[in-house]
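One structure is given below, encoded as structure tokens.
Below, chains carry the letters A, B, ... as their sequence lines are ordered, and counting in each starts from 1. Note that the coordinates shown come from a computational prediction; the quantities given were computed from them, not determined experimentally.
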Number of protein chains: 2
Amino acid sequence: MSIKHALMGLLAKGPHHGYELKASLEEQVVPLSSLNFGQIYSTLDRLERDGLVTHRLVAQEERPDKKVFALTDAGHRELRAWLRSPSTVPLDLRNETFLKLMLARSLAGLDGAQSAQGVVAAERRASFERLHEVAQMRFRAAEAGTPAEVVLLLDLASLRLEAFLKWLDRCEEVLL
Amino acid sequence: MSIKHALMGLLAKGPHHGYELKASLEEQVVPLSSLNFGQIYSTLDRLERDGLVTHRLVAQEERPDKKVFALTDAGHRELRAWLRSPSTVPLDLRNETFLKLMLARSLAGLDGAQSAQGVVAAERRASFERLHEVAQMRFRAAEAGTPAEVVLLLDLASLRLEAFLKWLDRCEEVLL
DNA sequence: CGCAGTATATATATACCGAGTATACATATC
DNA sequence: GATATGTATACTCGGTATATATATACTGCG
């Protein structure tokens, strides 16, 4: 997920400069993770290059000027179009675990190569650990009074992990 | 998923040049999708820079020389280590749909903004369509006698889509 | 039949782009 | 001396598009 539309979304509510935007994003949009300034600034540059935002400089005493960005009309249109269109996760028929399984099978017999069973076992163990981590994060979030929306991100993480675990079972049936 | 370890895996079975490797990858490792030559060659260059592979030139008449790559000892070690370690998908607590939902809510009321309900509905529709696509691919694969392993990739795709649909239900409960 | 034109296979290299990380540069405040 | 305010630059990595050659195979037309 790129940060591009997140920036546009914040700018739809009014002009802001990069430093502010970073803080808002971390609070509202990607809670539980953090961003890099370089990413914010270069994304804003690209948005400006593409005519989706403009900036004006606001002078300050004893500090670098602020670059206050605002969404252009084209930016508003683009944002609305993006909100209306479903996410474009392109099916993704390549998968690292699958690759490991294929390689483990074809390399069977070579010096100290991992077996396909071993791969499945390692992945399963790791996934269970992650599932546990997520559960803990969720518990801590509940304690800290984290808003329900944020917990949704954790829900998604565990649903994904569960799906992956189911898939590992299926792999075992088919391959072993 | 990067192509780096896939290349190393193929080279573990013997030396090959870029052009061959591309074909093997498409056949064995990322069936159902295709690769770009630039990616193969630049990944091989990086592997060589990092001491994981070496190449020697094999002259040919009337054609460019082949660059035949072979896995180094360090490469073998790295490959085995990678095969032993579980996939490192880092939990990923950012999600495009979540972003859309947050923005739809906070922009509610602005000019022609999409509602959160609308976002969920659009995502759901798109996911069902994809699920249908996957089912069709699966059917065609079965007809074409596609190996069972390849079908596993389709299984993963549908398990993921189902998990995502469940999550959308959950979003609706929490947000609407 | 022959020939021109076109697609495809063999083989690599380069330029470019977007996303993300690391780091440098300033100053003020706690 | 750490932390907050503010921006900029260089770099890496994964990936796409395109340029550069040549050989072979197919296709249609006169």
Side-chain angles (χ1 to χ4, degrees), chain A residues 1-8 15-27 29-30 33-50 52-53 55-69 78 82 88-96 99, chain B residues 1-8 15-27 29-30 33-50 52-53 55-69 78 82 88-96 99:
Chain A
M1 189 206 59
S2 106
I3 223 65
K4 174 181 161 184
H5 292 99
L7 288 169
M8 291 174 63
H16 295 283
H17 62 284
Y19 194 85
E20 283 175 332
L21 288 167
K22 188 202 176 226
S24 305
L25 284 181
E26 285 177 345
E27 192 195 330
V29 177
V30 290
S33 65
S34 81
L35 299 173
N36 182 295
F37 278 117
Q39 196 181 343
I40 307 289
Y41 292 118
S42 55
T43 304
L44 285 169
D45 287 347
R46 258 175 273 139
L47 285 171
E48 183 151 39
R49 179 201 58 191
D50 299 340
L52 302 171
V53 305
H55 82 270
R56 64 194 166 85
L57 287 175
V58 175
Q60 297 195 117
E61 302 148 19
E62 311 279 15
R63 277 176 193 286
D65 294 351
K66 286 187 201 173
K67 278 175 87 169
V68 176
F69 288 87
E78 159 68 22
W82 173 78
T88 53
V89 188
L91 238 283
D92 194 14
L93 291 167
R94 23 225 265 201
N95 176 265
E96 186 168 341
L99 172 56
Chain B
M1 191 204 59
S2 106
I3 224 65
K4 174 181 160 183
H5 292 100
L7 288 170
M8 292 174 61
H16 295 282
H17 62 283
Y19 193 86
E20 283 176 331
L21 289 167
K22 189 203 175 224
S24 305
L25 285 181
E26 286 178 346
E27 192 195 329
V29 177
V30 290
S33 65
S34 81
L35 299 173
N36 183 296
F37 278 116
Q39 197 180 342
I40 307 290
Y41 292 119
S42 55
T43 303
L44 285 169
D45 287 347
R46 258 175 272 140
L47 285 171
E48 182 151 40
R49 180 201 58 192
D50 297 341
L52 303 172
V53 305
H55 81 271
R56 64 194 167 83
L57 287 175
V58 175
Q60 298 195 115
E61 302 149 18
E62 312 278 16
R63 276 175 194 286
D65 293 351
K66 286 187 202 173
K67 278 175 87 167
V68 176
F69 288 88
E78 159 67 21
W82 174 77
T88 52
V89 188
L91 238 282
D92 195 15
L93 292 167
R94 24 224 265 204
N95 176 265
E96 185 168 340
L99 172 56

Closest non-hydrogen contact found for Lys4(A) with Thr43(A) is CA-CG2, 3.8 Å
Which of dC13(D), dA11(C), dG6(D) is nearest the side chain of Arg46(B)? It is dC13(D)
From CG of Leu7(A) across to P of dG20(C) the rounded distance in Å is 11 Å
Residue set satisfying ring-ring contact (aromatic ring centres under 6.0 Å, His included) with His16(A), at least two apart, ordered chain then number -> none
### Task
Check whether any side-chain N or O of Arg49(A) sits under 4.0 Å from OP1 or OP2 of dG18(C), and answer yes or no.
yes
Exercise. Angle class for the Trp82(B)/His5(B) ring planes (parallel below 30°, perpendicular above 60°, tilted otherwise)?
Worked result: parallel
Write out a two-atom table: protein N or O, nucleotide N or O from nucleotides 21-25 of chain C, distance below 3.5 Å.
| residue | atom | partner | partner atom | Å |
| --- | --- | --- | --- | --- |
| dA22(C) | N7 | Asn36(A) | ND2 | 3.2 |

Lys66(B) to Tyr19(B), cation-pi by 6.0 Å centre distance and 45° axis angle = no
Atom CG of Asp65(A) and atom P of dA26(C) are separated, to the nearest Å, by 15 Å
ring-ring contact (aromatic ring centres under 6.0 Å, His included) filter on Tyr41(B), not counting sequence neighbours, yields none
Would one find a side-chain N or O of Gln60(A) under 4.0 angstrom from OP1 or OP2 of dT5(D)? no
note: Tyr19(A), atom OH; dT7(D), atom P; distance rounded to Å ~ 10 Å
Taken to the nearest whole Å, CG/Leu25(B) to C1'/dG14(D) is 15 Å
On a heavy-atom basis, the closest approach of Ala59(A) and Asp65(A) is CA-OD1, 3.5 Å
Note to self: Is there a side-chain contact between Tyr41(A) and the phosphate of dA8(D), meaning an N or O under 4.0 Å from OP1 or OP2?
What the structure shows: no
- Would you say dA8(D) has OP1 or OP2 under 4.0 Å from some side-chain N or O of Lys67(A)? yes
note: Glu26(A), atom CD; dG20(C), atom P; distance rounded to Å ~ 13 Å
Taken to the nearest whole Å, NZ/Lys22(A) to C1'/dT7(D) is 13 Å
Partner of Lys67(A) under side-chain contact (heavy atoms from CB on, under 4.5 Å), picked from Leu44(A), Asp45(A), Val58(A), is Asp45(A)
Rounded to whole Å, NZ of Lys4(B) lies from C1' of dG15(D) at a distance of 16 Å
Asp50(A) CG to dG18(C) P, in whole Å, measures 7 Å
